[in-house]
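Below: the structure, in structure tokens.
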Amino acid sequence: MSSSGWETSLVGALGFWDMSDRYDPPAIEVAWQARWSQSEAYHVSNDDPRPKSYVLCMYPYPSGPAHQGHVRNYTFGDLNVRYRTMNGEAVLSPIGFDSFGLPAENAAIRTGVHPRVFTEERMAELKASLTRLGAAYDWRREIYSHDPSYIRWSQYLFLRFYQAGLVYRGDAPVNWCPGCQTVLANEQVLADGTCERSGDLVVRRELTQWFFRITRYADELLEGLEDLDWPQRVKTMQRNWIGRSVGAEISFEVDGLDDYKLRVFTTRPDTIFGATYAVVAPEHPDLERLTAPDLEERVKAFLEEVATRSELERMAGEDAGKRGVPLGTYAINPITGERIPIYVADYVLGHYGTGAIMAVPGEDDRDYEFARNFGLPVVETVARPEGFVGPVYTGPGAKINSGFLDGLSVEEAKAEVISRLEKIGAGSESVKYRLRDWLVSRQRFWGCPIPILYCQACGTVPVPDDQLPVLAPDDVEFRPTGESPLLHSDAFRLTTCPRCGGPATRETDTMDTFVDSSWYYLRFCDPFSEDRPFDVQAVEDWMPVDQYIGGVEHAILHLLYARFFTRALSDLGLAPATLKEPFKRLFTQGMIRLGGSKMSKSKGNLVTPQRYFDTVGADALRLFHLFVGPPADDFDWTDQTDEMIEGCHRFLQRVWSLADRIPVNQGEPDTGNPTYLVVHQLIARTTDGIDRWAYNTSVAALMELTNALSKAQADLVDPVTLDYGLRTLLELLAPMAPHIASELYHRRYGLDVHRQAWPKVDHALLASAMVTLVVQVNGKTRATLTIDPLAPEEVVRPLAQTAIASHLEQVKIQRVIAKLPRVMNFVVE
RNA sequence: GCCCGGGUGGUGGAAUGGUAGACACGGAGGCCUCAAAAGCCUCUGCUCGCAAGGGCGUGCGGGUUCGAGUCCCGCCCCGGGUACCA
């Protein structure tokens, strides 16, 4: 890190300066921002000798000028960067933009403006806001997803995954709008199941799509959570999302079908004596075989009805009473030999487990509901506990009505059934996951093209590395139907097969934008390489991210996909072998609400920061976001918020005027001075607040310090100690309100406050300081005493007793609980 | 339904089992001023009392403890996530 020379280029003079100028935040802030952008203060290189750390905020979708959510997020990030820097670390602090996505494409359809133009305008606005906020970045490392040099490596990685068998093509149900002839995202389907654009009824349709085989990593992704310093609830959400279930797969013979077994999955093999029917999903591949001839018509009608429902509806719909029809065939219970009817019903999902279940209405709510609808028998196989009411019991207990299992516990019975099934070859233990493979195909223009060709002769052919990036053409037409223009661009679609030289067509799907955000943090380590996605050594040097900061809305998808990418890249040798988890610590900030809902552009309830930048300044706004409450908590933007921001501004003004009143007086402070003690107590509290993400308490400590110094100044405390206190205050303030701290520090000391060491607490001094002893009678505080923390009980007790003498009259002291030097409690009768 | 969070003054919030309400916002009074703005000072949980000094208070009900906002049990309410995953 080289010196940029501006430390001495300003006012420069030590000692007094002309403070007739008032605190003018916008002027000061813009000037410092200009200096920061010219300096290399927050540029880091891989051979930096300081201990390395990596602080990253989730890179933003460029939606235009920053809103308060951005301000909050990037204020937290910047505080971390500047604080760690003052603690002697080389901090990698990059920023970029998640610049592909639907809004730009919708705007193109609406107005005809090319998504790139639309996006880059908004990127420039967001960048300007971040700069205006005063956030410190290594801008040399800026990346954005739609940059051809980023697209190139996204495609390169896609192809490596493809070659490794981690990418495949398969059929998946999608929301299809017959009117628009296109696929819709779930958000584009209205609650009544119609298309938001055309109003047509959306149907489910199987379409060939590209997938990442994330399920191969299900177990690893689950186990990897253990060691992460992440919020517990985010880890829990990921665990639930992966949804590992241990149970058994059981084969049922089907009456009249030779050489066929119906395989079901259950987590409750112990309940097999209660299985009174079986159900297959509407998508079950063997549905036709399982349907008796006389019921084909009914089944067909049912399947048509199911097809009109999107998957979302199917699961959540109001009428989600159990729907289904009997198939007219029967399965044979391998344990009991019982003959049970087979149904098709849409409460069973085709993509989970085996797509078929044995239904146990006595021990499963869903099965019970269905059984009741269809008049099917219910058998209880677990003894209900005393006092239990209700038809369905899912808890532990002794097995009943279960033949050889009777008397066993549920857990014992599970093992017993599995071993019996294995013996007779009718089943075995099985583990299933809720997690599905990651569907990455998007029928969109504004995304990273999937680098695949289809050749009549050679079939599916990956685009050779030396032909990357595959870029979408600019010369396209955006149709109001929402179809991707790539479909109609012959210039893009028609090409030559690299293998045989014959005619080929390009894949027109683009990738989910979560692909872009799954590796950007790796590219940040080395955005300079032109011949590879990133240098492995650079990644080894910086990764994992020491502190990742973002919103909880990404708790599942982004954070899971990024974890998958890191593991896969590591296994493929593209990332360091030791790198398994990308984000060591995660912090999820609370959201900002206005009028009861999340503040967001789509809700149209934004309060933009610009007017605060123009008046009270970025420092005051930053301070407000730090002060308003715990960073992890949500907060409501209300009528009072402006007054609180105003209060933060007034605080900074008091700091400014305090600096005016306290002359520069460098030297050794008086360590015996009470002011010196207060300074150290407040260094401790400020630091503690930062370390435990309680920034609101850190700000409070700085306010107290300011108040204390102000009083000390009025009381004519030793001028060197006063100067020392103010200097410390500015150092503590630097990560939070970097501009005013820089300005005052520079004016007073001619130095860059951000290059100072974070103030160190004199712990010995704090430990020896006089403390307040609470004197209680029966647990009620009756007096307080100021005592030496080391004073022994024999000394303290008489003092305490004297202080509460009036409360000890006419009573007998039974016990004295002394927890010195904090409390002494007299227990009286 | 299930899984997390969370209920503390008029408001945002603070409090390793040890003085509940730090620090702010708002409010009241005062100083400065010809006046205002700004700034500064004092007060500000409820309640009884002239005062000194009491009593009550962290959603509700129990419990543990010398001592509970904090720990345990049972409820109520609010917010978020998730939702037929067998």
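Residue numbers start from 1 in every chain, and the chains themselves are labelled A, B, ... in the order their sequence lines are given, proteins ahead of strands.
Judged by atom type and distance alone, A:Q776 reaches the base of B:G18 through a side-chain donor-acceptor pair under 3.5 Å.
When the C1' atom is used for both B:G55 and B:U70, the distance is 24 Å, rounded to whole Å. Remark: the separation of the P atoms in B:G67 and B:C43 is 34 Å, to the nearest Å. For the C1' atom pair drawn from B:A20 and B:G13, the interatomic distance equals 13 Å after rounding to whole Å. Comparing the same atom, P, in B:C60 and in B:G53 gives a spacing of 30 Å after rounding to whole Å. Taking atom C1' on both B:U44 and B:A37, the two are 25 Å apart, rounded to the nearest angstrom. The same atom, P, is picked in B:C75 and in B:C4; the two are 15 Å apart, to the nearest Å. Comparing the P positions of B:C23 and B:U33 gives a spacing of 30 Å, expressed to the nearest Å. Taking the P atoms as reference points, B:G63 lies 16 Å from B:U58, given to the whole Å.
Rounded to an integer number of Å, the gap from CG of A:N707 to C1' of B:U42 is 15 Å. Taking atom CZ on A:F826 and atom P on B:C66, their separation rounds to 17 Å, with Å as the unit. A straight line from OH of A:Y695 to P of B:G13 spans 18 Å, rounded to a whole angstrom.
Among the nucleotides B:C23, B:A86, B:G18, the one closest to any side-chain atom of A:E704 is B:C23. Closest to the side chain of A:N696, from the set B:G18, B:C84, B:G13, is B:G13. Counting only heavy atoms from C-beta on, A:A700 has its side chain closest to B:A22 among B:A86, B:U16, B:A22. Relative to the side chain of A:N825, the nucleotides B:C84, B:G18, B:C23 differ in distance, and B:G18 lies closest. Nearest to the side-chain atoms of A:R323 among the listed nucleotides B:C23, B:C84, B:U19 stands B:C84.
A cation-pi arrangement is present between A:R434 and A:W241, with the terminal nitrogen or guanidinium carbon under 6.0 Å from the aromatic centre and inside a 45° cone about the axis.
Of the residues A:Y217, A:F211, A:Y561, the one that meets the ring pair (Phe, Tyr, Trp, His ring centres under 6.0 Å) test with A:W438 is A:Y561. With A:Y277 as the partner, the ring pair (Phe, Tyr, Trp, His ring centres under 6.0 Å) test is satisfied by one option alone out of A:F370, A:F374, A:F252: A:F370. Checking A:L729, A:L682, A:L733 one by one against A:T706, the side-chain contact (heavy atoms from CB on, under 4.5 Å) holds for a single residue, A:L729.
Contact annotation: A:R692 side-chain N/O to B:A15 OP1/OP2 distance is under 4.0 Å. In this model, the phosphate group of B:C25 is approached by a side-chain N or O of A:R650 to a distance below 4.0 Å at OP1 or OP2. Contact between the side-chain N/O atoms of A:R815 and the OP1/OP2 oxygens of B:U65 is not found at any separation under 4.0 Å. The side chain of A:H807 contributes an N or O atom lying less than 4.0 Å from OP1 or OP2 of B:G54.
Here B:G9 is in the syn range [glycosidic angle within 90° of 0].
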Polar-atom pairs under 3.5 Å, protein N or O versus N or O of nucleotides 3-12 of chain B: list them with distances, or write none.
unit_1, atom_1, unit_2, atom_2, d
B:G12, O2', A:V628, O, 2.6

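Judged purely by distance below 3.5 Å, without hydrogens or angles, the side chains of A:E553 and A:H558 never pair a donor atom with an acceptor atom.
Side chain of A:D715 to main chain of A:V717: no donor-acceptor pair is present (N/O by atom type, distance under 3.5 Å, no hydrogens or angles).
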